[in-house]
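Values reported hereafter were calculated over all heavy atoms of this structure, with side chains retained and with hydrogens, waters and symmetry mates removed.
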Amino acid sequence: MQLFAFVKRKEGMSREDFLDYWRNQHGPLIRDTPELADRVQRYVQHASAPQDGSGWDGVAVQDFASWDDFLAMLEGPAGEAMRADEANFLDPSSIKVVFTGDAVVMIDCTGEGQA
C-alpha cells in the first residue's frame with residue numbers, strides 16, 4: 001500500500017526553509033525513530049519543481065506492508081511526536097492524502113524490471 005501526501009508549507013515560511021526542515025528535520029525524525037521507521041517500507045520526499053504552479057510544495061510517498069502498519073505508525077508517543085512536528089513546517093489544514101493499492105506500469109523507460 002502506498003500513501004501519497006500532498007503538502008504545503010505553513011504560512012510565512014519560505015520555500016527554502018520548508019525544504020530544509022522537511023529534508024533535515026522531519027524526514028530524519030521518521031527515519032531515526034524505530035517506532036516510526038519500522039512501520040514504513042520506503043519513504044520518499046518529492047519537492048515540487050520551482051516552475052510548478054499547482055500550489056503544492058511537495059509530495060511525500062510512503063510504502064506500507066499493510067493498513068495496520070500505517071495505523072500503528074500513528075499510535076503512541078512516536079506517532080504523536082511525528083504529527084506534532086508537522087506543525088513546525090506544514091499547513092496541516094491543506095494536507096491531502098491518497099492511499100493506493102497495486103500500480104499498473106504503462107510505460108517504463110528506466111529499464112527496471114526488464115528481462
- Answer yes when Asp57 and Arg9 have at least one side-chain N-carboxylate O distance shorter than 4.0 Å, and no when they do not.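 A salt bridge is present here (some side-chain N lies under 4.0 Å from a carboxylate O).
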- May I ask you to decide whether Arg39 forms a salt bridge with Asp69, counting only side-chain N to carboxylate O separations under 4.0 Å?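 The answer is yes: the pair qualifies as a salt bridge.
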Within the 4.5 Å heavy-atom criterion, are [X] and [Y] side-chain neighbours or not?
{"X": "Val61", "Y": "His46", "answer": "yes"}
{"X": "Asn88", "Y": "Gln25", "answer": "no"}
{"X": "Met82", "Y": "Leu74", "answer": "yes"}
{"X": "Leu36", "Y": "Pro34", "answer": "no"}
{"X": "Val7", "Y": "Val59", "answer": "no"}
{"X": "Asp63", "Y": "Val40", "answer": "no"}
{"X": "Arg42", "Y": "Gln2", "answer": "no"}

[atom1] of [X] to [atom2] of [Y]: how many Å apart, nearest 0.5 Å?
{"X": "Met1", "Y": "Asp102", "atom1": "CE", "atom2": "CG", "result": "12.5 Å"}
{"X": "Ser48", "Y": "Arg15", "atom1": "OG", "atom2": "CZ", "result": "4.5 Å"}
{"X": "Glu35", "Y": "Ile30", "atom1": "CD", "atom2": "CD1", "result": "13.0 Å"}
{"X": "Trp22", "Y": "Asp85", "atom1": "CH2", "atom2": "CG", "result": "13.0 Å"}
{"X": "Lys10", "Y": "Phe18", "atom1": "NZ", "atom2": "CZ", "result": "12.0 Å"}

Hydrophobic clustering (ILVMFWY, side-chain heavy atoms < 4.5 Å, transitive) - are [Y] and [X] grouped together?
{"X": "Phe64", "Y": "Val98", "answer": "no"}
{"X": "Leu71", "Y": "Leu3", "answer": "yes"}
{"X": "Ile95", "Y": "Leu29", "answer": "no"}

- Could you give me the CA-CA distance, side-chain angles and deciding distance for Phe70 and Phe99, then say whether ring-ring contact (aromatic ring centres under 6.0 Å, His included) is met? CA-CA 10 Å; Phe70 165 70; Phe99 294 95; 5.0 Å; yes
Backbone of [Y] reached by a side-chain donor or acceptor of [X] within 3.5 Å:
{"X": "Gln45", "Y": "Gly58", "value": "no"}
{"X": "Arg83", "Y": "Gly79", "value": "yes"}
{"X": "Ser54", "Y": "Trp56", "value": "yes"}

Which atom names give the shortest non-hydrogen contact between [X] and [Y], and what distance separates them?
{"X": "Arg23", "Y": "Pro28", "answer": "O-CD, 3.2 Å"}
{"X": "Leu90", "Y": "Pro92", "answer": "O-CD, 3.0 Å"}
{"X": "Ala65", "Y": "Gln41", "answer": "CB-NE2, 3.4 Å"}
{"X": "Ile107", "Y": "Cys109", "answer": "CG2-SG, 3.7 Å"}

- Message: Between Asp68 and Ser66, is there a side-chain donor-acceptor contact under 3.5 Å, judged purely by atom types and distance?
- Response: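 There is no such pair (donor and acceptor under 3.5 Å, judged by atom type) between the side chains of Ser66 and Asp68.
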- From CA spacing to verdict: side chain to side chain contact (heavy atoms under 4.5 Å, CB included), Glu75, Glu80: CA-CA 7 Å; Glu75 296 175 350; Glu80 291 174 18; over 6 Å; no
- Message: In this structure, is the centre-to-centre distance between the rings of His26 and Tyr21 below 6.0 Å?
- Response: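 Centroid distance Tyr21-His26: not below 6.0 Å, so no.
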